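To start, the structure itself, in structure tokens.
Computed from heavy atoms alone, side chains included, the values below leave out hydrogens, waters and symmetry copies. A quick note: this is a predicted structure, and the numbers were derived from the prediction, not measured. Numbered from 1 within each chain, the chains take letters A, B, ... in sequence-line order.
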There are 2 protein chains.
Amino acid sequence: MQPARDGTSRTGSGAPTIYDVARAAGVSIASVSRVLNEARNTRPETRDKVIHAVAELGFAPDGAARALSGRLKEVVGVIERRPFPVGPGIDEDDAFADEAESLQFHDMINRGIEMAAQGRGFDILIRSVDVNDHDAGYRTLALARKSDGLILHDRLVDPEPLRKLAAQVPIVTLAGVATPETVNVSGDNASGMRALARHLLDDHGYRSIGYVGGYADSPDSLARHQTLAAEAAASGADFCSGPNWKGNYYAAGGALVVDRLMASGITMPRAIACANDQTALGVMNGLRRHGIDVPSRVAVTGFDDIAMARHLRCQLTTVRQPIRDLGATAFEVLYSMINGDEPAERDIVLPTRLVVRESCGCGMGA
Amino acid sequence: MQPARDGTSRTGSGAPTIYDVARAAGVSIASVSRVLNEARNTRPETRDKVIHAVAELGFAPDGAARALSGRLKEVVGVIERRPFPVGPGIDEDDAFADEAESLQFHDMINRGIEMAAQGRGFDILIRSVDVNDHDAGYRTLALARKSDGLILHDRLVDPEPLRKLAAQVPIVTLAGVATPETVNVSGDNASGMRALARHLLDDHGYRSIGYVGGYADSPDSLARHQTLAAEAAASGADFCSGPNWKGNYYAAGGALVVDRLMASGITMPRAIACANDQTALGVMNGLRRHGIDVPSRVAVTGFDDIAMARHLRCQLTTVRQPIRDLGATAFEVLYSMINGDEPAERDIVLPTRLVVRESCGCGMGA
DNA sequence: CTGAAAGCGCTTACAG
DNA sequence: CTGAAAGCGCTTACAG
């Protein structure tokens with residue numbers, strides 16, 4: 001039984017409903033829905049009346065109602081990490097205060113996701129979670145239930161919860177690890193780091209090298225670490241690592257590593273490769289604060305090639321990741337999964353490329 | 001009439017419904033809903049059974065269904081500008097290729113919005129629109145219908161469509177202009193620019209000054225322009241402006257302005273204030289390419305104080321905006337509007353502050 | 001305290 | 001080609 005409709009919308013919100021349109025056009029709601037969705041099987045006259053009423057009222061279907069009646073939500077959830085709690089306690093004059101909130105790599109990736117999503121009529125629902133958010137599990141599920149599928153940055157969800165989640169919605173991870181239930185998309189860490197290592201070890205002939213890592217559990221960082229260590233070993237160069245070398249993908253973390261190393265009295269290696277560009281930035285600043293010149297005394301390199309890399313005092317030698325493509329690829333794979341396709345490949349690796357600038361020591365003589 | 005329920009979920013998607021939970025717990029769906037929402041008015045025993053079943057099944061209510069039955073969607077839409085079409089045509093070795101896609105100010109603001117949203121259980125639905133997207137009107141409406149309210153960066157929607165949109169959902173603009181139907185949140189452009197102008201004109205004694213703008217219709221840029229022009233006039237200094245001085249908030253735009261000015265044979269002013277930090281970056285690089293040293297021959301300043309500002313070759317003197325607070329404030333106001341409150345203030349202005357570094361010419365003797 | 005039922009605003013077979 | 005009706009998965013008065 002159709003509810004009585006007075007002149008106004010049912011909801012107080014002021015947005016017209018399909019009933020308003022139907023009444024204005026003098027047709028049934030089914031006809032309105034048809035011209036809006038199928039376009040065919042409607043008499044031109046009916047069609048015109050509906051189109052007109054829709055324009056007149058400024059109608060667009062409610063997303064929730066549409067989704068509930070069998071359609072997609074046309075939303076993908078994106079969850080990223082927000083490691084540093086920020087608040088009034090933070091000193092805004094600290095050189096890295098703001099940077100903590102701007103992991104540019106993530107922002108760029110999200111842009112890639114969003115642009116691909118737009119091509120399919122999707123929007124992206126973003127949430128960042130604190131590393132020590134104990135309620136993360138539930139909040140993640142809640143986000144999943146507002147979306148058609150989920151894209152997870154790195155290793156936000158533990159394997160077991162991830163498995164359960166994947167049973168409910170399609171999931172793609174970025175810079176994580178592929179599982180039987182999920183697809184992963186990442187840059188080619190091994191070949192990128194190998195090219196970088198060879199440049200440092202062979203071209204420059206550095207005989208000692210260190211690696212400042214990202215989050216302890218980051219698959220990206222682990223892969224880069226392993227490759228670098230292997231290349232150093234193959235060249236017979238010294239490789240420095242250990243607890244003092246753990247960073248967190250942020251400049252502040254990189255600077256901290258330098259402070260710790262200096263305090264420990266260690267001899268700095270000739271070159272330091274960092275887990276990402278932002279870490280490299282912090283390491284360079286940290287070294288300079290201790291009076292150590294980059295790159296003449298210590299060479300420093302990054303990973304990612306974010307925009308900032310070429311605008312630093314000392315332009316950063318780094319490994320370029322196809323950041324935008326990483327995001328776009330993640331979306332496209334997820335989109336096909338949402339449409340019921342079985343992914344052909346569960347571990348998608350996109351190529352990376354060494355970008356030589358100044359911080360490795362190149363161009364010093366120029 | 002309740003539909004027959006077999007052992008599996010109705011939807012193919014694998015996500016359990018409230019019916020699944022009710023069956024598992026041996027109660028009605030009403031009871032499940034009650035313990036999930038009200039918490040009170042349920043016998044402890046019932047409550048336990050439900051809690052248990054929910055945990056067992058990994059249930060969370062479907063966002064669409066929840067929203068449709070009178071609740072909020074707990075989603076706010078955020079629309080930002082994406083001015084540069086990017087695609088295969090772009091040269092990735094261009095110094096500003098990527099930067100075009102990373103307007104860091106927006107990313108930081110969005111982070112502020114998102115963090116405030118999280119405190120209220122909301123997520124943010126992000127969409128960027130192309131300046132020359134003719135279908136923008138409809139897509140904006142569509143986003144609105146997936147959300148409880150909208151936050152619009154700068155002046156994305158024309159006044160008339162904006163009025164119509166505001167009749168359907170609450171709207172807050174960021175760095176736009178307040179209207180009778182919408183609330184605007186922005187930084188204090190006038191006082192920030194005034195402080196900067198005085199520093200340049202009085203402290204440094206520069207007698208000629210130019211302004212490189214942002215988007216032509218950006219209220220922020222307009223306000224900064226006017227204040228600077230007024231201060232220059234008050235000091236009797238020359239003020240340069242005109243069509244050659246139009247930028248677009250991106251580094252590439254700033255560099256282009258410099259090229260145009262050089263080509264036009266104009267004498268560079270002693271100081272150039274830019275619409276934002278990214279523009280300043282481009283201007284500095286452009287000047288250097290033309291052999292003009294910054295700041296000894298031409299001083300350059302920015303606006304915003306994004307993280308990059310202090311990591312440039314020549315640290316940027318700029319006006320700090322409370323970027324995160326801008327976003328958080330926009331959300332909080334929108335949130336109260338969503339809850340039916342009439343906003344107390346339609347034009348919210350947050351304080352800004354001059355940050356003196358090197359690019360203005362300070363510290364050159366040090 | 002709890003269940004049966006109505007209703008949210010759509011879409012889509014199902015009849016005509 | 002078009003309308004009446006069922007159903008999507010919830011929440012919330014309404015009775016008990």
Side-chain angles (χ1 to χ4, degrees), chain A residues 1-5 8-23 25-50 54 57 59-74 142 145-146 148 168, chain B residues 1-5 8-23 25-50 54 57 59-74 142 145-146 148 168:
Chain A
M1 197 173 312
Q2 207 134 306
R5 303 289 301 167
T8 57
S9 292
R10 215 173 308 199
T11 58
S13 75
T17 71
I18 197 171
Y19 290 94
D20 298 318
V21 176
R23 187 160 9 82
V27 300
S28 72
I29 59 163
S31 286
V32 175
S33 182
R34 270 187 216 102
V35 346
L36 255 30
N37 292 300
E38 312 180 26
R40 60 192 167 187
N41 283 16
T42 37
R43 206 165 30 154
E45 192 190 338
T46 305
R47 200 179 142 66
D48 288 349
K49 285 190 292 188
V50 170
V54 163
L57 294 170
F59 171 80
D62 177 79
R66 195 184 174 89
L68 193 54
S69 61
R71 291 251 166 174
L72 292 174
K73 298 186 170 75
E74 297 188 323
R145 302 299 269 123
K146 293 181 181 174
D148 298 310
Q168 298 200 18
Chain B
M1 195 175 313
Q2 208 134 304
R5 306 288 302 166
T8 58
S9 292
R10 215 174 306 198
T11 57
S13 73
T17 72
I18 197 172
Y19 290 93
D20 297 319
V21 177
R23 188 160 6 85
V27 300
S28 72
I29 60 163
S31 287
V32 175
S33 182
R34 270 188 215 100
V35 345
L36 254 30
N37 292 301
E38 312 179 26
R40 60 192 168 186
N41 284 15
T42 36
R43 207 165 29 155
E45 191 191 338
T46 306
R47 201 179 142 66
D48 287 349
K49 285 190 293 189
V50 170
V54 164
L57 294 169
F59 170 80
D62 177 78
R66 193 183 174 90
L68 193 54
S69 61
R71 291 253 165 172
L72 292 173
K73 298 185 171 75
E74 298 188 321
R145 304 299 270 120
K146 292 181 182 174
D148 298 310
Q168 297 199 18

Looking only at heavy atoms, the pair that brings A:Q168 and B:G14 closest together is CG-O, 4.2 Å
One should read off an interatomic distance between A:F59 CZ and B:R145 CZ, to the nearest 0.5 angstrom, of 6.5 Å
For DNA chain D, the dot-bracket notation using Watson-Crick and G-U wobble pairs below 3.5 Å, [ ] for pseudoknot-type crossings and | for other-strand pairs, is |||.||||||||.|||
Note: for B:G26 and A:A64 on DNA chain C, the residue whose nearest nucleotide lies more 5' is B:G26
A:K73 atom NZ is separated from C:dG9 atom C1', nearest whole Å, by 15 Å
Separation of D:dT2 atom P from A:E45 atom CD, nearest Å, is 8 Å
- request: Please state the P separation for the pair D:dT2 and D:dA6 - nearest whole angstrom.
  value: 22 Å
Per-nucleotide protein contact along nucleotides 10-16 of chain C, 5' to 3', at a 4.0 Å heavy-atom cut-off (B base, S sugar-phosphate only, - neither), is BBBB---
Separation between OG1 (B:T17) and CG (B:L57), nearest 0.5 Å, reads 9.0 Å
When A:T42, A:V32, A:V21 are each screened for side chain to side chain contact (heavy atoms under 4.5 Å, CB included) with A:V27, the one that passes is A:V32
The side-chain contact (heavy atoms from CB on, under 4.5 Å) partners of B:A142 (sequence neighbours excluded) come to B:Y138
Do any side-chain nitrogens or oxygens of B:S31 fall under 4.0 Å of OP1 or OP2 in C:dG3?
-> yes
| query | When rounded to the nearest Å, what value does the distance between P atoms of D:dG9 and D:dA13 take? | reply | 23 Å
Side-chain donor-acceptor pairs of residues 60-73 of chain A under 3.5 Å, sequence neighbours excluded:
{"residue": "A:D62", "atom": "OD1", "partner": "B:K73", "partner atom": "NZ", "Å": "2.8"}
{"residue": "A:D62", "atom": "OD2", "partner": "A:A64", "partner atom": "N", "Å": "3.0"}
{"residue": "A:D62", "atom": "OD2", "partner": "A:A65", "partner atom": "N", "Å": "2.9"}
{"residue": "A:R66", "atom": "NH2", "partner": "A:N37", "partner atom": "OD1", "Å": "3.3"}
{"residue": "A:S69", "atom": "OG", "partner": "A:A65", "partner atom": "O", "Å": "3.2"}
{"residue": "A:S69", "atom": "OG", "partner": "A:R66", "partner atom": "O", "Å": "3.2"}
{"residue": "A:K73", "atom": "NZ", "partner": "B:D62", "partner atom": "OD1", "Å": "2.8"}

Ranking B:S28 and B:A67 by the position along DNA chain C of their nearest nucleotide, the one closer to 5' is B:S28
When rounded to whole Å, the CD to C1' distance for the pair A:Q168 and D:dG9 reads 14 Å
Check: A:D20 and A:R23 side chains under 4.5 Å, non-hydrogen atoms: yes
